[in-house]
There are 2 protein chains.
Amino acid sequence: MIIRLDMQSDLPIYSQLMNQIIEGIASGELQPGEDLPSVRSLASDIGVNLHTINKAYTLLKQEGFIQIHRQKGVVINPDGMPGITPEYEQKQSEQLRPMIAEAICRSMSKERLLHIVSSIYEDISHAEKGNA
Amino acid sequence: MIIRLDMQSDLPIYSQLMNQIIEGIASGELQPGEDLPSVRSLASDIGVNLHTINKAYTLLKQEGFIQIHRQKGVVINPDGMPGITPEYEQKQSEQLRPMIAEAICRSMSKERLLHIVSSIYEDISHAEKGNA
DNA sequence: ACATCTGTTATATTTGTAGTATAACAGACA
DNA sequence: TGTCTGTTATACTACAAATATAACAGATGT
């Protein structure tokens, strides 16, 4: 899997990493049970410190996306992804609300907004893996 | 307008302020041309430093939501809100994408996601102002 | 003229997070 | 016995967030 980092972004590196791994899972590019690189190898691959990788992995583990086995390594959670918990629903609403408010301010119609969300949803779902 | 701040949030105070003002505009509670409190009075009202307020106001001005007049004060932009610029569309997509990816990971159907977005859109649009 | 309001600018300080740099520890495994 | 894994600890730099003061400049009202 190709990792792209934007060092100029206001998003921390570990957040960018988390986002890309989550999108990799969502697109099917990363399958449950699949291995992820070790903190050291990924760190040297993309040129950051191993603690930065470790932070991303630790947070992904806390949210249930991956499993970390002390001497084996890191895998996409083979027991499946976390579900739609009440805490997740609340977090999601809190994140969506300011974005939707700004869209309304800018006179974006509900239909147009829904179409954008729908397009991104399809774009991620239907992402092909280059090795078809 | 009632401002609610969560000092424990990971969101900076000035961001929370921006979000609430934008939602106030989106709901119609704040009308174009309407005055906003001065940096000093709002700061003392909600118990934060005036620079924190000033930062929120300055950013809102940069994005076109408000106007700042040097000796008069701050008003909701009477010339109307900023439109849907290409830069805005790109920023919006970049913000939506990780959230939608996580929703897909958690097996949230597109229909359910769209329904949530739609509900929040309606909730903000139809917010009544208590002084009906 | 004077006081008072407005936003603005400048400094300095404190606190917390992000990221890096090293080093060591502990368990698995060939 | 090495070598791999994640883990923990410490220290350091850099930066953002927030506060605390203070002063400046223009407009307004008395």
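Throughout, protein chains are lettered first and strands after them, A, B, ... in sequence-line order, and every chain is numbered starting at 1.
- Heavy-atom nearest nucleotides on DNA chain C were determined for B:Leu50 and for A:Gly47, and the one closer to the 5' end corresponds to B:Leu50.
- Counting only Watson-Crick or G-U wobble pairs whose defining distances are both under 3.5 Å, the stems of 3 or more consecutive pairs in DNA chain D are C:1-30 with D:1-30.
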Q: Please assess B:Ile84 against A:Arg112 for the test side-chain contact (heavy atoms from CB on, under 4.5 Å), listing each intermediate value before the final yes or no.
A: CA-CA 11 Å; B:Ile84 303 175; A:Arg112 181 165 176 185; 3.6 Å; yes
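- Taking a 4.0 Å limit (strictly below) on heavy-atom distances, residues 61-68 of chain B reaches DNA chain C at B:Ile68.
- Each of B:Lys72 and A:Lys72 lies near DNA chain C, and the nucleotide nearest B:Lys72 is the one positioned closer to the 5' end.
- Chain B approaches DNA chain D over the interval D:dA17 to D:dA27, counting the first and last nucleotide 5' to 3' with an atom under 4.0 Å from its heavy atoms.
- The local environment of NZ in A:Lys91 is crowded, with over 12 non-hydrogen atoms from other residues, nucleotides or ligands closer than 6.0 Å.
- Looking at A:Met108 and B:Gln92, their side chains come closer than 4.5 Å, going by heavy atoms from C-beta outward.
- At a threshold of 4.5 Å between non-hydrogen side-chain atoms, the residues B:Asn54 and B:Asn49 do not count as touching.
- To the nearest angstrom, C1' of C:dG19 lies 9 Å from NZ of A:Lys55.
- Counting any heavy atom pair closer than 4.0 Å across all strands shown, A:Tyr14 reaches sugar-phosphate atoms only and no base atom.
- As rounded to whole Å, 16 Å separates atom C1' of C:dT17 from atom CD of A:Gln16.
- Residue B:His69 contributes atom NE2, which lies 16 Å from atom C1' of C:dC5 at whole-angstrom precision.
- A heavy-atom distance below 4.5 Å is not found between the side chains of B:Gln31 and B:Ile25.
- Taking CD of A:Glu111 as the start and CD1 of A:Ile116 as the end, the distance is 12.0 Å to the nearest 0.5 Å.
- Here the closest non-hydrogen pair linking B:Ile68 and B:Tyr57 is CD1-O, 3.9 Å.
- A straight line from CG of A:Asn49 to C1' of C:dT22 spans 9 Å, rounded to a whole angstrom.
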Q. How far apart are the C-alpha atoms of A:Ile46 and A:Leu5, what are their side-chain angles, what is the distance that settles it, and do they pass the side-chain contact (heavy atoms from CB on, under 4.5 Å) test?
A. CA-CA 8 Å; A:Ile46 61 184; A:Leu5 293 185; 3.8 Å; yes
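- A:Ile13 and A:Val48 get closest at one heavy-atom pair: CD1-CG1, 4.1 Å.
- Nucleotide C:dC5 holds its C1' atom 13 Å from the CZ atom of B:Arg70, rounded to whole Å.
- Considering only heavy atoms from C-beta on, B:Phe65 comes within 4.5 Å of A:Glu102 through its side chain.
- Residues A:Leu42 and A:Leu17 meet the side-chain proximity criterion, which asks for heavy atoms closer than 4.5 Å.
- Atom CG of A:Leu59 and atom P of C:dT17 are 12 Å apart (whole Å).
- Mapping A:His51 and A:Val74 onto DNA chain D by nearest heavy atom places A:Val74 closer to the 5' end of the strand.
- One interatomic measurement links the two molecules: CG of B:Asp10 to P of C:dG16, which rounds to 15 Å at whole-angstrom precision.
- For the pair A:Asn54 CG and C:dT22 P, the computed distance is 18 Å after rounding to whole Å.
- Atom CG of residue B:Leu114 and atom NZ of residue A:Lys110 lie 10.5 Å apart, to the nearest 0.5 angstrom.
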